Undergrad: 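First the structure, then my questions, so here it is.
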Amino acid sequence: MSSSYVPSPPTGAPVTIPRDVLRILALVDVSTAGRRVLDHLLYLSDPDTGTAAISQNEMCAELGASKPTVNRGFKELRECGLAWSLEDGLYQLHPLLTGGVTLSPTMPVPQIKAAEPRRFTEQRRARFAAQTANLATTG
């Protein structure tokens with residue numbers, strides 16, 4: 001029997017993200033699933049540690065998404081440096097998203113992999129072409 005428990009945010013305080021960070025987020029190439037997972041991690045983020053506590057099953061229940069979709073979202077966030085797993089069910093958000101807060105001040109922090117604005121469109125076109133080619137070979 002699976003649990004339908006979904007964690008609540010640790011505080012009702014608003015999450016504030018500076019405009020320059022929003023610009024970086026706009027240039028990070030993640031899928032809709034990755035963005036939805038990130039948005040929910042931000043919603044759950046602890047303002048004292050920059051972490052979010054939620055299991056993948058809980059994230060699936062909260063987003064109404066399949067496990068492969070949620071896993072892909074978490075993987076994309078890890079690969080681009082926006083969020084990473086500290087342990088099962090505990091995720092660290094990049095300090096740019098948390099006002100500089102991390103669980104540990106000595107924690108290594110990855111660089112966010114954002115595309116240059118002029119290359120972003122090229123990357124999107126290449127990915128779309130690859131996806132279209134995959135559909136042609138399977139259809």
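What you see is a predicted model; the values in this text were computed from it and never measured. All heavy atoms count here, side chains included; hydrogens, waters and symmetry mates do not.
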Undergrad: Taking the side chain as C-beta and beyond, is there a heavy-atom pair between Leu82 and Leu93 under 4.5 Å?
TA: no
Undergrad: Are Leu86 and Thr51 close enough that some pair of their side-chain heavy atoms sits under 4.5 Å apart?
TA: yes
Undergrad: Heavy atoms, side chains only, cut-off 4.5 Å: are Leu25 and Leu22 in contact?
TA: yes
Undergrad: Taking only residues two or more places apart in sequence, or in another chain, which ones meet Ser85 in a side chain to side chain donor-acceptor pair (under 3.5 Å)?
TA: none
Undergrad: So, using side chain to side chain contact (heavy atoms under 4.5 Å, CB included) as the criterion, who are the partners of Asn71 when residues are at least two apart?
TA: Gln56, Lys67
Undergrad: Does some side-chain heavy atom of Val101 sit less than 4.5 Å from a side-chain heavy atom of Asp48?
TA: no
Undergrad: If the condition is side chain to side chain contact (heavy atoms under 4.5 Å, CB included), which residues does Ala53 pass it with, not counting sequence neighbours?
TA: Leu90
Undergrad: Going by heavy atoms in the side chains, are Pro10 and Pro47 under 4.5 Å from each other?
TA: yes
Undergrad: Any side-chain to backbone donor/acceptor pair from Glu62 onto His40? Under 3.5 Å, distance only.
TA: no
Undergrad: Name all residues meeting the side chain to side chain donor-acceptor pair (under 3.5 Å) criterion together with Thr11; count only those two or more places apart in sequence or in a different chain, and write none if there are none.
TA: none
Undergrad: Who are the side chain to side chain contact (heavy atoms under 4.5 Å, CB included) partners of Ser55, not counting sequence neighbours?
TA: Asn57, Glu58
Undergrad: Would the distance check show the side chain of Arg72 and the main-chain N or O of Ala33 forming a donor-acceptor pair, the cut-off being under 3.5 Å?
TA: no
Undergrad: Just to verify, what does Glu79 make a side chain to side chain contact (heavy atoms under 4.5 Å, CB included) with, not counting sequence neighbours?
TA: Lys75
Undergrad: Would you indicate whether the side-chain heavy atoms of Ile17 and Leu42 approach each other to under 4.5 Å?
TA: yes
Undergrad: Which pairs with one or both residues in residues 97-106 pass side-chain hydrogen bond (donor to acceptor under 3.5 Å, both in side chains), sequence neighbours excluded?
TA: Ser104-Thr106
Undergrad: Suppose the criterion is ring pair (Phe, Tyr, Trp, His ring centres under 6.0 Å): which pairs have a residue in residues 76-102, not counting sequence neighbours?
TA: Phe74-Tyr91
Undergrad: Sequence neighbours excluded, which residues qualify as salt bridge (charged side-chain N to carboxylate O under 4.0 Å, His left out) partners of Asp39?
TA: Arg35
Undergrad: Below 4.5 Å, heavy atoms only, C-beta onward: do Val21 and Leu97 meet side chain to side chain?
TA: yes
